[in-house]
2 protein chains.
Amino acid sequence: MSLDRQQKRTTIYDLAELAGTSASAVSAVLNGNWKKRRISKQLAEKITRIAEEQGYALNMQASLLRREKSHIIGMIVPKYDNRYFGSIVELFETMARDKGLFPLITCTRRDPALEIEAARTMLSYQVDCVIATGATDPDRITELCAAAGVRTINLDLPGKLAPSVISDNFAGARELTRRILASCQQRFGAMEPLMFVGGRGGDHNTMERLRGFRQAHADHGIDLDDDRVIACGYAPEKAQNALQERAASGLPFSRGMFVNSTITLEGVLRWVRLAGPVSEQEFALGCFDYDPLVDLLGDNIEMVRQDVPAMLTRMFELIGQGNFEPRVSEIPPVLR
Amino acid sequence: MSLDRQQKRTTIYDLAELAGTSASAVSAVLNGNWKKRRISKQLAEKITRIAEEQGYALNMQASLLRREKSHIIGMIVPKYDNRYFGSIVELFETMARDKGLFPLITCTRRDPALEIEAARTMLSYQVDCVIATGATDPDRITELCAAAGVRTINLDLPGKLAPSVISDNFAGARELTRRILASCQQRFGAMEPLMFVGGRGGDHNTMERLRGFRQAHADHGIDLDDDRVIACGYAPEKAQNALQERAASGLPFSRGMFVNSTITLEGVLRWVRLAGPVSEQEFALGCFDYDPLVDLLGDNIEMVRQDVPAMLTRMFELIGQGNFEPRVSEIPPVLR
DNA sequence: AAATCTTGCTTCATCGATTGAGCAAGTGCG
DNA sequence: CGCACTTGCTCAATCGATGAAGCAAGATTT
């Protein structure tokens, strides 16, 4: 790796020399508390000018080493490349910056080992706080951080040891299911039990969504066999294969499907395309997650949009209040 | 902000005391060069054990302050929430980590001021190298970093002062245009000049894609009026409004459209839905960018997928070779 | 005129990890 | 036995920014 620095960086000592003053004065001026330190306006202006001329950039590492709080806030995300996590990350950055915090984001591709590794790295970088988003084992992260005196908040998936901010999966899934059933009624002339595709049986969100899914069926007095639930994970290929197998198995198949995320939807649609009966026109689909392009192109696809701004607002509220009790905040999703 | 640390963090001095040795030995053991520093295996093992027991985490700030290279590699991206940049960021993180570099990513939401601010912040964090992705003013970033002795590479959009890795926009656009024209021929029985929607007239990629767009028309001997080009920016609302106005203007309108990104496609589809003639079935669309869900749902939408893995591979090659000549590497996109 | 206060700086220790220099004890060789 | 060499460590300076403590010169009070 040829990443060798060209010249030595300008430091406050260089500036002090150029300004004929001390490093301490330069530091005071550049970090804004020169009034408190009784530096004259003239000297302050002179130093500021010279710093600009020299293109001085603070050495954060040195600065952070000295300060007690780093104002760095870490976020661990499973994936970047879907709209849900993409918008979480983008808004998180913006909000963190607005609050004077420096956002440090790391993506773990749903790899539990990388998750722990990422948390450890964040601690090394002296983060003040870690947000564990959609983590497989949020409590492990909380423990690790707690050992270093760093607080954590869980986002998207809840944990037992730190506060969690998640969607109201039950209510959202119940309403989404209701809509898919209504769409079946309208388009096929009758309601039939739906299938549930994607997610992991063990994860909290999937369990809650399943509860809403079941409740909506019960609301309409529709019997639901357990074998209509295909919690095959989130990856597209897994959903595609699972549907393939299911279709081949001879078990009853539904035209209405509750799909657990846009990622999974990719697999479902691929199956419909390649191996499925005819076209997606013959299905009534619903997706727990939002993607604007699907919304525009998928005529028969209902979507639930998780309320990312509300979730992040709540999260920063908790931080602001210094509230780190392990309570769960459920944010209602936006239905379209 | 209540982000107060709970207890003091464990340092090498604490570990030294516990192990009955010196901080120097602890440091040598923990950063792996204990053999070079002639520390005995016993002591090394003892220190390692104690460090683990105490949940010790290195203080990166202190470590980086002392070292010459930080091994931090910065990336500036305009947006997270679309598949193209999402996959760039995700793969960049993975590849950087594999090469022993620490990825530091920042999103500027296409705000030129934030771009400069982000570059400055990266310098403060002592990055060894900055990747400016889709930057509005990459040369400004290069200058700023050069003043601090930090090299830069441009990705997606080229600059004049640093090496650039971009898609072969001309060839990609020419082929995409050819396909849209063929689709027009097949579906409407005749080729007609297409419209070009989205992008900024001034930006390199848009200019090159326009060149390919024009060339493909010329290849088929189709006359193309300049007023079929609507470079209204990338944002969905802008595209939607521009099409609205265009339709109202009475100028000739095309059923075939070259759309400059998936983001813009969102606006185009919205226009089709809300104000457009009937449905997207009556259009032949092509998009310079890839989204798997559009690929599955958009029956008449051709897509060009920029070859993100190849682009990043090339980028890391340049870094590895220490090659910082301002040359442009054009990576052929993948056509589907 | 002496005592006190204010202004505008400078000095120096400190944060935690790293590393060149150095030192003491042990080993090997003639 | 004396000298060189090796082994296994410790010491102390250093990276750059920060801020408490201190100090000198001038202003103000008694």
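Heavy atoms only: backbone and side chains are in, while hydrogens, waters and symmetry mates are out.
The base of C/dT18 lies outside donor-acceptor range of the side chain of B/Arg67, with no N or O pair under 3.5 Å.
No side-chain heavy atom of B/Tyr125 sits under 4.5 Å from any side-chain heavy atom of A/Asn59. With contacts defined as side-chain heavy-atom distances shorter than 4.5 Å, the pair B/Asp139/B/Glu143 does not qualify.
Proximity of A/Thr21 to the phosphate of C/dT10: a side-chain N or O atom is located under 4.0 Å from OP1 or OP2. Close to D/dT7, at under 4.0 Å from its OP1 or OP2, lies no side-chain N or O of B/Ser40. Side-chain N/O atoms of B/Tyr56 include one lying less than 4.0 angstrom from OP1 or OP2 on C/dA17. Phosphate contact (OP1/OP2 of D/dA17, side-chain N/O of A/Asn31, threshold under 4.0 Å): absent. Side-chain nitrogen and oxygen atoms of B/Ser22 include at least one within less than 4.0 Å of the OP1 or OP2 phosphate oxygen of D/dT10.
One can place CD of B/Glu17 at 15 Å from C1' of D/dT10, the figure rounded to the nearest angstrom. If you take CD1 of A/Ile12 and P of C/dC12, they are 16 Å apart, rounded to a whole angstrom. D/dG8 atom P lies 13 Å from atom CD of B/Glu45, rounded to whole Å. The distance between atom CG of A/Asn59 and atom C1' of C/dC15, rounded to the nearest whole Å, is 13 Å. In this entry the distance linking CE of B/Met60 with C1' of D/dC15 reads 16 Å, nearest Å. The distance between atom NZ of A/Lys69 and atom P of D/dG19, rounded to the nearest whole Å, is 14 Å. Rounded to whole Å, atom P of C/dA21 lies 11 Å from atom CZ of B/Arg37. As rounded to whole Å, 14 Å separates atom C1' of C/dA17 from atom CZ of B/Arg9.
Both A/Arg38 and B/Leu58 sit near DNA chain C, but only A/Arg38 has its closest nucleotide nearer the 5' end. Judged by closest nucleotide on DNA chain D, B/Ala23 is the one of A/Tyr13 and B/Ala23 placed further toward the 5' end. Heavy-atom distances to DNA chain D give each of B/Ser24 and B/Leu65 a nearest nucleotide, and the one nearer the 5′ end belongs to B/Ser24.
Electrostatic pairing of A/Arg97 and A/Glu93 counts as a salt bridge here, judged by a charged N lying under 4.0 Å from a carboxylate O.
Backbone-only contact: B/Ser63 has heavy atoms under 4.0 Å from sugar-phosphate atoms and none from a base. A/Leu43 comes within 4.0 angstrom of sugar-phosphate atoms only, judged by non-hydrogen atoms across all strands, and of no base. The residue A/Leu30 sits apart from the nucleic acid: no heavy atom pair falls under 4.0 Å.
Here the two rings, on A/Phe85 and A/Tyr80, have centers that are 6.0 Å apart or farther.
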Problem - Chi angles and distances behind the side-chain contact (heavy atoms from CB on, under 4.5 Å) call for A/Leu15, A/Glu53 - result: CA-CA 10 Å; A/Leu15 297 181; A/Glu53 281 169 12; over 6 Å; no
